[in-house]
Amino acid sequence: MVLKNIKYAIRNIPKPPVTRMYPEKCTELSDRFRGLQILDKSKCIGCGICANTCPNVAIKIVKAPIAPGSEKQRWFPEIDIGHCLFCGLCIDQCPKGALSSGKEYTKGVIKWKHKDLLMTPDKLAREVELEKGDER
Amino acid sequence: MAIEFPEFIVPFLPWIRGIVGLSLVGVIFLGAMGAVWLERKLSADIQSRVGPCRVGKYGLLQLVADAIKLFTKEDLKPRNADSLLFNNATIFMMGSVFLMLVAIPVGAVFINGVEYPLAVTEMDISVLYIEAMSAISIFGIFMVAYGSNNKYSLLGAFRNFARMVGYEVPLGITVVSVAVMTGSLNIVEISRSQGLLWNIFLQPLGCFVFFVSLMADMGRLPFDQNESEEELVAGWITEYCGMRFGLGFFAEYIHMILGSFLVALLFLGGWNVPGFVANNPVLGLIAPTGFLIVKVVFVLMVIIGLRWAVPRFRIDQVVDLSWKKLFPLALLNLVWAVGLGLYLGA
Amino acid sequence: MEEKLGSNEMIIHLGPQHPMQPGPFRLNLKLKGETVMDAEIELGFIHKGIEKILENKTYLQGITIVDRICYLVALTNEECFVGCTEKLLGIEPPERAKYIRVILEELTRIQSHLLGMGEFGEFIGFVSMFMYTIREREEILGLIDMVTGARITHSYLKFGGVRDDLPAGFKEKAIPVLNNLKKSVDDFEQMFHTDRIYRERTVGVGVLTADVAKSLGVSGPALRATGVPFDIRKNEPYLVYKDLDFKVCTETAGDCFARVQLRLNEIRESIYILEQCLDQIPGGPLFPEDTPYGRRTPVMRVPAGEVFHRVEDPRGEMGMYMISDGSDKPYRVKVRGPYYPTLQALPPLIIGTTVADVAAISGSMDGCTSEADR
């Protein structure tokens with residue numbers, strides 16, 4: 001009568017659990033996982049196509065030094081994590097291929113103030129630690 | 001049972017009785033906590049997940065954390081709720097469960113070959129008394145549901161009545177058939193009489209009917225229409241929070257433990273152990289009680305596991321099942337028990 | 001629904017927040033005891049204004065917005081939108097891109113049906129069924145994740161093709177998963193068929209007749225369970241469905257049991273389609289040659305015109321009517337979702353049944369309220 005269900009349930013008991021003990025074990029991300037973007041400053045020309053393409057107006061083009069400690073400044077994208085959908089359209093549309101997908105999705109993306117959510121070009125190029133500038 | 005106490009203890013006897021009684025209450029709550037832990041872990045095993053694992057080793061202290069949370073919650077009362085019913089409902093439920101606990105023996109000790117069952121009281125009509133007290137819990141649930149002034153709880157209350165009325169009858173008839181075959185209504189006698197052969201082999205149909213009626217009596221899936229979360233948003237206990245809810249919650253689990261004790265004592269042989277164990281001085285103290293506890297845990301695991309493995313009936317199918325299918329089976333079992341009793345007695 | 005109450009009647013809201021619902025909608029029930037005398041549905045709690053948003057976004061940005069109409073079956077929604085735009089542009093993706101799209105959409109169909117069956121089991125009290133089907137669904141989501149990079153809201157399709165090719169070793173990973181799924185689906189079917197409690201709850205409950213279904217515009221598994229063999233993949237084939245061999249599953253009873261049984265059969269058909277696709281997939285480019293369309297979409301001015309395109313969503317027929325005025329943003333996009341007519345079929349079905357059956361019937365329709373409200 002209900003025996004098949006009971007048998008299936010009892011057969012399930014010795015099987016190992018399929019859940020993970022987060023945060024000791026993190027998710028295995030696929031190769032194409034779209035995390036926080038990585039900027040290659042040598043390729044970026046500051047055209048602004050990524051800012052026009054973004055569906056949520058998350059990218060603003062700002063002036064930033066071309067290397068840490070340098071005097072010369074150029075236009076680079078700054079991404080607002082609060083608005084970013086991580087859809088990857090900016091990565092696809094860049095004519096020079098300066099943006100690519102990183103794998104960070106919890107490190108450096110959870111902040112307390114809105115101004116910390118603006119990922120400056122230095123942070124996007126990974127010249128500066130992502131968690132720098134957190135004020136609690 | 002009459003033990004002679006030394007002279008110097010006699011003035012302190014009421015105090016000792018009081019302290020032992022209160023600590024038994026604590027032990028009962030610990031047992032309920034263990035039952036909840038068992039349910040959470042067993043359901044997690046069936047569903048391929050882990051269950052409580054962070055608080056204490058294997059999550060054993062999870063219930064302590066939950067009890068602290070329940071104690072510190074705000075005590076809300078709906079505006080138009082009936083004060084008398086709302087305030088006293090879950091206390092009533094807990095009270096009815098404790099009234100049942102009084103008569104059930106939790107084990108026995110063999111000292112010098114003489115058996116002393118461990119029960120708070122030993123009555124001649126204990127089985128009938130337990131039946132009657134379990135019927136009082138209907139009032140508790142109805143007070144909870146009706147006093148909330150909530151439409152969902154009201155639906156739960158009506159379903160509860162329909163269910164309870166139908167299932168008390170087969171429950172009583174199977175218990176009576178066991179008593180008829182044994183010749184006594186005393187639960188200690190019934191347990192003692194299974195020394196040769198357990199009652200489940202003598203009355204298998206009776207055991208099945210008793211088990212199903214017990215599940216319906218306790219309100220466990222597949223018979224938990226009054227608290228079906230998917231339709232009625234927690235059903236009869238929607239408006240309760242904090243320790244009021246905690247009392248109702250624990251009352252349900254203590255009722256479950258009691259039900260398992262009943263099944264183990266009436267059908268699974270109680271605490272009977274072979275003769276050589278009973279005469280052994282050390283084993284005679286712990287083996288019968290331990291054996292009974294093992295049987296109780298087994299029945300408890302069956303009751304818990306069944307909840308997570310099957311769907312739920314509709315309320316009209318529940319009533320249909322009780323009157324059209326279980327009642328005739330219970331009567332058939334009674335006839336069989338009477339015949340068997342005459343044959344064995346002759 | 002009348003507000004005047006008789007002697008034993010009360011009005012109860014299976015309201016916007018309820019453990020039973022797949023999404024927020026308000027179902028007003030007039031109950032007499034446990035029997036439902038009258039019912040009324042109110043929608044609109046999750047209206048996001050997607051059709052208006054689409055008028056202010058370019059076509060490329062619109063792909064990420066259309067993803068979110070029903071977040072569980074995002075790829076089918078994208079297919080509808082991209083298909084409309086490709087018809088207006090006059091381009092067609094090459095064979096390999098079409099096969100990849102079919103593979104992903106069938107995977108989406110499988111995972112949506114698994115989730116729908118699990119939720120239905122939960123609504124009738126069989127909580128563990130949800131866990132069993134979710135466990136199988138994880139494997140399928142892993143396959144989709146391997147290709148698109150996300151488990152939900154993929155934004156994977158592009159005009160003229162797909163964004164990335166299938167990764168190396170996809171077929172070797174997919175075949176064992178599909179074989180395991182075949183065994184699991186057989187197990188679920190056995191559990192449903194032999195369980196007496198389940199049969200009592202679902203057989204003969206919520207019977208939808210073919211005439212009522214056709215007149216209301218119901219489509220998808222709810223219509224096919226009444227005996228009408230209507231499937232857009234056969235009636236109006238798009239992508240490569242005319243080259244694939246599969247049959248349209250139907251059942252005749254039209255009750256909850258038939259609908260769930262139909263979904264199980266559809267999972268089996270989808271697995272068969274997937275095996276054929278993985279065998280037959282040709283090599284070749286992902287985007288049409290000699291056109292500027294590629295992974296980097298050029299600035300598009302879509303020629304003016306109107307077009308209607310429909311696809312077979314796991315819940316029914318999804319269509320989009322797109323009007324373009326020659327600029328880079330659509331003038332109007334009207335979405336025809338599959339769950340809205342199915343919701344309209346719900347009140348007549350539940351009059352006369354008990355509250356417990358309301359949960360069973362609305363669960364067997366397997367809906368996503370987010371799609372009904374847009």
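Numbered from 1 within each chain, the chains take letters A, B, ... in sequence-line order.
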Taking salt bridge (Lys or Arg N to Asp or Glu O under 4.0 Å) as the test, write out the residues that go with R20(A), two or more places apart.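 Residues passing salt bridge (Lys or Arg N to Asp or Glu O under 4.0 Å) with R20(A): none at all.
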Taking salt bridge (Lys or Arg N to Asp or Glu O under 4.0 Å) as the definition, give me every residue that meets it alongside K72(A), ordered by chain and number, with sequence neighbours left out.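 Scan of K72(A) (salt bridge (Lys or Arg N to Asp or Glu O under 4.0 Å), adjacent residues dropped) gives none.
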[atom1] ([X]) with more than 12 external heavy atoms under 6.0 Å:
{"X": "K103(A)", "atom1": "NZ", "value": "yes"}
{"X": "F208(B)", "atom1": "CZ", "value": "no"}
{"X": "I200(B)", "atom1": "CD1", "value": "no"}
{"X": "K60(A)", "atom1": "NZ", "value": "no"}

Point-to-point distance, once rounded to the nearest 0.5 Å, from CG of L306(B) to CG of N5(A):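 One finds 10.0 Å between CG of L306(B) and CG of N5(A).
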Does anything in residues 33-46 of chain A pair up under side-chain hydrogen bond (donor to acceptor under 3.5 Å, both in side chains), and if so which pairs, sequence neighbours excluded? D40(A)-S42(A), K41(A)-D122(A), K41(A)-E127(A)
I'd like to know if the side chain of D45(B) and the backbone of I13(A) have a donor-acceptor N/O pair within less than 3.5 Å.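 No.
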Using a heavy-atom distance cut-off of less than 4.5 Å, which residues of residues 47-62 of chain B contact chain A? S48(B), R49(B), V50(B), C53(B), R54(B)
